[in-house]
Amino acid sequence: MIVTRFAPSPTGYLHIGGARTALFNWLLARKSGGRFLLRIEDTDLKRNTPTATQQVLADLRWLGIDWDEGPEVGGPNGPYFQSQRLEIYQHYVLKLIEEKKAYYCFDTPEEIERLRREAEAKKQVFLYPRPAHFPEPEEARKAQAQGRPVTVRLAVTETEPIVVQDLLRGDVVFNPAEIGDFVILKSDGFPTYHLAVVVDDELMGVTHVIRGQEHLMNTPNHLLLQRALGFRTPAYLHMSVTVSESGGKLSKRERPEALRKAIQEKKGVDLDALAKAAGLSRQELDLFLAGEKMPDVPAIDAMAAFLGVHLPEINVVDFLKSGYLPETMVNFLALLGWSPAGRQEIMDRQELIEAFDLSRLNKSNSLFDRKKLLAFNTEHIKRVPLKTLVRHFRVFLEATGSPVAAADDAMLEHLIRINEGARTLAQIEEKCRFAFIPDEAVVYDPEAVKKVLQKEGAADILRTIAQRLEQLKEFTAESLEVMLRNLAEETQVGLGKVAQPLRVAITGTTISPPIFDAVNLLGLERTRKRIERAIQLFSHA
RNA sequence: GGCCCCAUCGUCUAGGCAGGUCUAGGACACCGGGUUUUCAACCCGGCAACAGGGGUUCGAAUCCCCUUGGGGCUACCA
């Protein structure tokens, strides 16, 4: 049976690259009827954040990527947090030391750094100088008592070429002479990634490891460790990397950097107000602008909102908040580095599982194209069942704190219906928000006022509409349509000349759902009030 | 610098492993037109690629080599 896993380190929100890795492992497990497990690689005390695991779990759930074993679902191979498996790693480290396959080291970071520099100066690869005699456990205890850092390194004694058999790339050959004795146990008693991943994959019965190309160079180390420990070697597949428009792999730094650029390019930004909006001190903001400090995600979001700039989405939640559907994300991510046998591109999870096949993966890096993502989202909004869409819409509204969240499900369904052709949930929200704010809170877009409301005759048309609204027997989208069409015909103008002033009067902008639906949504009373307010504010007659 | 991976339209890719059926197919973007009460959506049409060089072969996008370009790694991070 095929067993795959996703093993994120909880350093923040799940980003799009991680989601893609998780997805491919999940697809392989689901396609083959195997198991998919989730393991949290929290062995770096400095980088982990306390809430990150919850964020990652929530993001995976939103995407519809479920796990058979792991946090919150349990399983026979737990615990699934590496920080809770310290004795297990300890056991194997001790075993390797006893067998003289690994040894204690007492170097300080400065000493290591010096050796590294020397090697660099000589244009040589840095290889840790293995001592002729390995220190005894006794010496390790002594060194520790004296306050020296104690680490353990694997003795790399292999002389034959190390061959990584990659499912995608074929045999990749490495020269063992270029692999130095690497650290497997850190001075804080935590295992390094190499040790933890090898031990856990063995103990958890992982058969297939799909990961990013950035791990290809680590794989010979893992092979070495597996041999030293007498473990099996899982099948490896190193996927291509997703790169960003700015070149280089897509990283979390993208958003802060885009924000910094936006702040620097914008003239006359009130930095004190900006810092306040982000909950930062002025000093922290200055450090950020100098490129020396990265504020956290909420602060970044707050600053972007304050400036009204749109930052590129990187984390899974960013896409949620921009109004993308999880179906879109899963579909689009699957197509980055993989393609189905047929012509069909738009697929739901089930269709992806059915079509998935490792042999159709491709090796080259790909660029994340947001325009194509938008097109995919438009398609999925059309395809996803209405009930599901309502659920997604609710999640979106709550995540963004929209006033539209006050609506019940029936209303949300209606809002979706009258916004046929929308590209994102955010667009639906933007178009409908006008009906969920107080009449006095309508902000009139100056551009729209100038172009529509202050045009010749606009005020007259609004007055006429207000009058006819009074005379309307029943107030529905249909009766409104009849009324407005008649009015357009009588006054010998296009429907646009009637609809546009009305649209701006009730929404403050030129963008809304179809005008009949928009008025119907707002209701008779509030429509009248807003028309009056608009006439008052903008007719200079 | 060293090691490793990769290379088809602007982008994601099909084709490559089994060389002729490829005057290279699709999707997105873009451009032009249509539809239209706004924004979208929708419909029709168009533009656009085998990185370069050398082999192998009757024949190369496809196989081999070199060059160039892009990417990754080079930690007591994962």
Side-chain angles (χ1 to χ4, degrees), chain A residues 7-9 11 41-44 46-47 82 105 107-109 112-113 116 120 123-126 149-153 164 166 168-170 172-175 178-180 182-188 190-194 196-197 211-220 238 240-241 243 245 247-249 332 335-346 359-360 362-376 378 381-382 419-424 427 430-431 448 452 481 484-485 488 494-500 502-504 507 509-516 518:
Chain A
S9 59
T11 56
E41 309 220 325
D42 53 349
T43 57
D44 185 0
K46 290 182 285 296
R47 288 209 317 167
Q82 290 186 331
C105 303
D107 316 87
T108 63
I112 295 286
E113 189 51 37
R116 205 184 301 283
E120 208 174 304
K123 290 190 193 289
Q124 284 172 345
V125 257
F126 168 68
V150 176
T151 60
V152 177
R153 286 177 188 264
V164 174
D166 188 285
L168 221 209
R169 297 167 202 279
V172 183
V173 183
F174 294 89
N175 180 1
E178 286 165 4
I179 302 173
F182 55 93
V183 174
I184 57 174
L185 193 72
K186 300 187 268 189
S187 59
D188 61 4
F190 276 63
T192 59
Y193 163 71
H194 303 299
V197 84
R211 43 162 50 154
Q213 192 204 198
E214 64 268 23
H215 285 296
L216 184 53
M217 301 296 281
N218 292 147
T219 311
H238 292 91
S240 58
V241 170
V243 299
E245 286 92 337
K249 70 174 178 175
F332 190 73
L335 259 34
L336 239 41
W338 173 81
S339 64
R343 278 279 161 82
Q344 192 185 353
E345 277 197 320
I346 302 295
S359 71
R360 296 195 62 85
N362 76 20
K363 304 184 224 183
S364 41
N365 292 350
S366 49
L367 198 93
F368 192 91
D369 181 358
R370 290 185 165 75
K371 290 223 175 103
K372 185 150 184 169
L373 182 74
L374 229 206
F376 268 50
T378 312
I381 286 182
K382 283 183 205 143
N419 277 288
E420 206 185 335
R423 312 205 76 181
T424 64
Q427 283 184 353
E430 280 161 25
K431 283 193 196 172
V452 180
E481 176 161 2
L484 290 175
R485 282 195 193 284
L495 189 51
K497 285 276 188 291
V498 176
Q500 270 314 70
L502 178 55
R503 191 188 315 278
V504 177
T507 69
T509 76
T510 56
I511 299 168
S512 85
I515 191 66
F516 318 117

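Just so it is clear: chains get the letters A, B, ... in the order the sequence lines come, proteins before strands, and each one is counted from 1. Not measured: the values here are computed from a predicted model.
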The single option from A:Glu41, A:His215, A:Gln82 that satisfies side-chain hydrogen bond (donor to acceptor under 3.5 Å, both in side chains) with A:Tyr193 is A:His215

Under 6.0 Å from the CD atom of A:Glu113, do we count more than 12 heavy atoms belonging to anything else shown?
yes

Between B:rU38 and B:rC22, how far apart are the C1' atoms? Round to whole Å, please.
46 Å

What is the 5' to 3' range of RNA chain B, first to last nucleotide, that sits under 4.0 Å from any heavy atom of chain A?
B:rC3 to B:rA78

side-chain contact (heavy atoms from CB on, under 4.5 Å) between A:Arg423 and A:Ile381, intermediate numbers included
CA-CA 7 Å; A:Arg423 312 205 76 181; A:Ile381 286 182; 5.9 Å; no

Could I get the full list of side-chain contact (heavy atoms from CB on, under 4.5 Å) partners for A:Asn175, not counting sequence neighbours?
A:Ala177, A:Glu178

Scan every strand shown for a Watson-Crick or G-U wobble partner of B:rC50, both distances under 3.5 Å, and answer none if you come up empty.
none

Using only atom types and a distance under 3.5 Å, with no angle test, would you say the side chain of A:Lys186 pairs donor to acceptor with the backbone of A:Thr43?
yes

Hey, is the main chain of A:Thr11 close enough, under 3.5 Å, to the side chain of A:Ser9 for a donor-acceptor pair?
no

For B:rG20, the Watson-Crick or wobble counterpart (both distances under 3.5 Å)
B:rC58

Checking all strands, does A:Ile515 fall into the base, sugar-phosphate, or nothing category for heavy-atom contacts under 4.0 angstrom?
base

Is A:Arg503 touching bases, backbone alone, or none of the nucleic acid, heavy atoms closer than 4.0 Å?
base

Within the 4.0 Å heavy-atom criterion, would you say A:Glu41 contacts the bases, only the backbone, or no part of the nucleic acid?
sugar-phosphate

Taking atom NZ of A:Lys497 as the centre, report whether more than 12 heavy atoms of other residues, nucleotides or ligands fall under 6.0 Å from it.
no

What's the gap between B:rG15 and B:rG69 when it is taken at their C1' atoms, as a whole Å value?
23 Å

Taking only the C1' atom of each, what is the distance from B:rG45 to B:rU35 in whole angstrom?
15 Å

Treating A:Asp166 as the side-chain partner and A:His238 as the backbone partner, does any N or O pair qualify as donor plus acceptor under 3.5 Å?
yes

Between A:Lys186 and A:Phe368, which residue's closest nucleotide on RNA chain B lies nearer the 5′ terminus?
A:Phe368

Sticking with atom P, work out how far B:rG55 lies from B:rA60, rounded to a whole angstrom.
12 Å

Going by purine N1 to pyrimidine N3 plus the second Watson-Crick contact, or the G-U wobble pair, all under 3.5 Å, which nucleotide sits opposite B:rC3?
B:rG72

Could you check whether A:Arg153 gets within reach of a base, just the sugar-phosphate, or nothing at all, counting any heavy atom under 4.0 Å?
sugar-phosphate

With RNA chain B as reference, determine whether A:Pro109 or A:Ile511 sits nearer its 5' end, using the nearest nucleotide of each.
A:Ile511

In whole Å, measure the gap between the P atoms of B:rC17 and B:rC64 for me.
9 Å

Name the nucleic acid region contacted by A:Ser364, choosing base, sugar-phosphate or nothing; use a 4.0 angstrom heavy-atom cut-off, strictly under.
sugar-phosphate

Using a 4.0 Å heavy-atom cut-off, does A:Glu178 contact any base of the nucleic acid, only the sugar-phosphate backbone, or nothing at all?
sugar-phosphate

Test side-chain contact (heavy atoms from CB on, under 4.5 Å) applied to A:Thr219 and A:Arg211, step by step
CA-CA 11 Å; A:Thr219 311; A:Arg211 43 162 50 154; 3.1 Å; yes

How far, in whole Å, is B:rU56 from B:rU62 if one measures between their P atoms?
15 Å

Nearest-angstrom distance, P atom, B:rG20 to B:rG25
16 Å

Find the partner of B:rG45: check Watson-Crick (N1-N3 plus N6-O4 or O6-N4) and G-U wobble (N1-O2, O6-N3) distances, both under 3.5 Å, and reply none if neither fits.
B:rC31

What's A:Phe516 touching, base or sugar-phosphate or nothing? Going by heavy atoms closer than 4.0 Å.
base

Base, sugar-phosphate, or nothing for A:Gly212, non-hydrogen atoms under 4.0 angstrom?
nothing

Using a heavy-atom cut-off of 4.0 Å across all strands, would you classify A:Asn175 as base, sugar-phosphate, or nothing?
nothing

Heavy atoms only, 4.0 Å cut-off, all strands: where does A:Ser339 land among base, sugar-phosphate and nothing?
sugar-phosphate

Please classify the nucleic acid contact of A:Pro8 as base, sugar-phosphate, or nothing, using heavy-atom distances under 4.0 Å.
nothing

Write down the distance separating the C1' atoms in B:rC50 and B:rC4, rounded off to the nearest Å.
25 Å

What is the nucleic acid contact for A:Ser366, judged by heavy atoms within less than 4.0 Å: base, sugar-phosphate only, or nothing?
sugar-phosphate

Classify A:Gln213 by what it touches in the nucleic acid, base, sugar-phosphate, or nothing, heavy-atom distance under 4.0 Å.
base

Identify whether any heavy atom of A:Arg47 sits under 4.0 Å from a base atom; if not, whether one sits that close to sugar-phosphate; answer base, sugar-phosphate or nothing.
base

